[in-house]
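The structure appears below as structure tokens.
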Amino acid sequence: MTAAPPEPTAQTTPTTHHQAASACLEAWLAALAADIQHESNRPNPDTAKMERLVADRSKLFQERTALEANDKGAIARIVADYAAALQSRKLKV
């Protein structure tokens, strides 16, 4: 007879928080990529909007690259800022 799988716990670790922050950044990067694609497919893309979207995407890539598992402040800020923005975006769709 095999042992039952362990019960899930509510315990979180720095790795869990880092994964959550990374997931927020990845989801926002995907949203920006979709916005860039949508704008570039328009007959007359808005150049200023495209530049802003590309700059935002670059900033997110830099944040994702710099994110460290033990940087609690950055992780908390990323989750707070981007999770709320993603939730807001999903509700508008």
Side-chain angles (χ1 to χ4, degrees):
M1 184 173 265
T2 61
E7 290 293 319
T9 64
Q11 182 179 14
T12 60
T13 64
T15 301
T16 307
H17 294 166
H18 182 263
Q19 289 170 340
S22 293
C24 286
L25 291 173
E26 289 296 328
W28 198 250
L29 282 165
L32 283 173
D35 289 349
I36 290 167
Q37 184 65 41
H38 176 74
E39 189 63 33
S40 68
N41 287 339
R42 295 178 65 159
N44 296 313
D46 182 337
T47 306
K49 183 176 182 179
M50 287 290 289
E51 288 173 358
R52 181 183 52 79
L53 290 169
V54 170
D56 289 349
R57 183 182 63 182
S58 295
K59 177 184 168 240
L60 286 177
F61 275 123
Q62 291 171 357
E63 279 192 85
R64 185 183 64 179
T65 301
L67 186 63
E68 295 184 16
N70 61 353
D71 190 347
K72 293 179 184 178
I75 288 171
R77 182 190 53 77
I78 287 168
V79 171
D81 291 351
Y82 294 110
L86 286 166
Q87 187 64 28
S88 160
R89 183 182 174 102
K90 286 180 183 178
L91 295 175
K92 290 180 185 174
V93 174

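All heavy atoms count here, side chains included; hydrogens, waters and symmetry mates do not.
- The closest side-chain donor-acceptor pair between Glu63 and Tyr82 falls under 3.5 angstrom.
- To the nearest 0.5 Å, the span separating CZ on Arg64 from OG on Ser22 amounts to 8.0 Å.
- Looking at Glu39, its side chain does come within 3.5 Å of a backbone N or O of Asp46 through a donor-acceptor pair.
- When atom types are taken as modelled, the side chain of Ser88 and the backbone of Ala84 share no donor-acceptor pair closer than 3.5 angstrom.
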Next item on the list: Test side-chain contact (heavy atoms from CB on, under 4.5 Å) on Glu68 and His18 and set out the steps.
Entry: CA-CA 7 Å; Glu68 295 184 16; His18 182 263; 5.8 Å; no
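- Atom CD of Gln19 is separated from atom CD1 of Ile75 by 10.0 Å, given to the nearest 0.5 angstrom.
- Between Leu67 atom CG and Arg77 atom CZ the span is 9.0 Å, to the nearest 0.5 Å.
- No option in Asp81, Asp56, Leu60 other than Leu60 meets the side chain to side chain contact (heavy atoms under 4.5 Å, CB included) test with Trp28.
- Between the SG atom of Cys24 and the CG atom of Leu29 there is a distance of 11.0 Å, given to the nearest 0.5 Å.
- The CZ atom of Arg57 sits 8.0 Å away from atom CG of Leu32, with the distance rounded to the nearest 0.5 Å.
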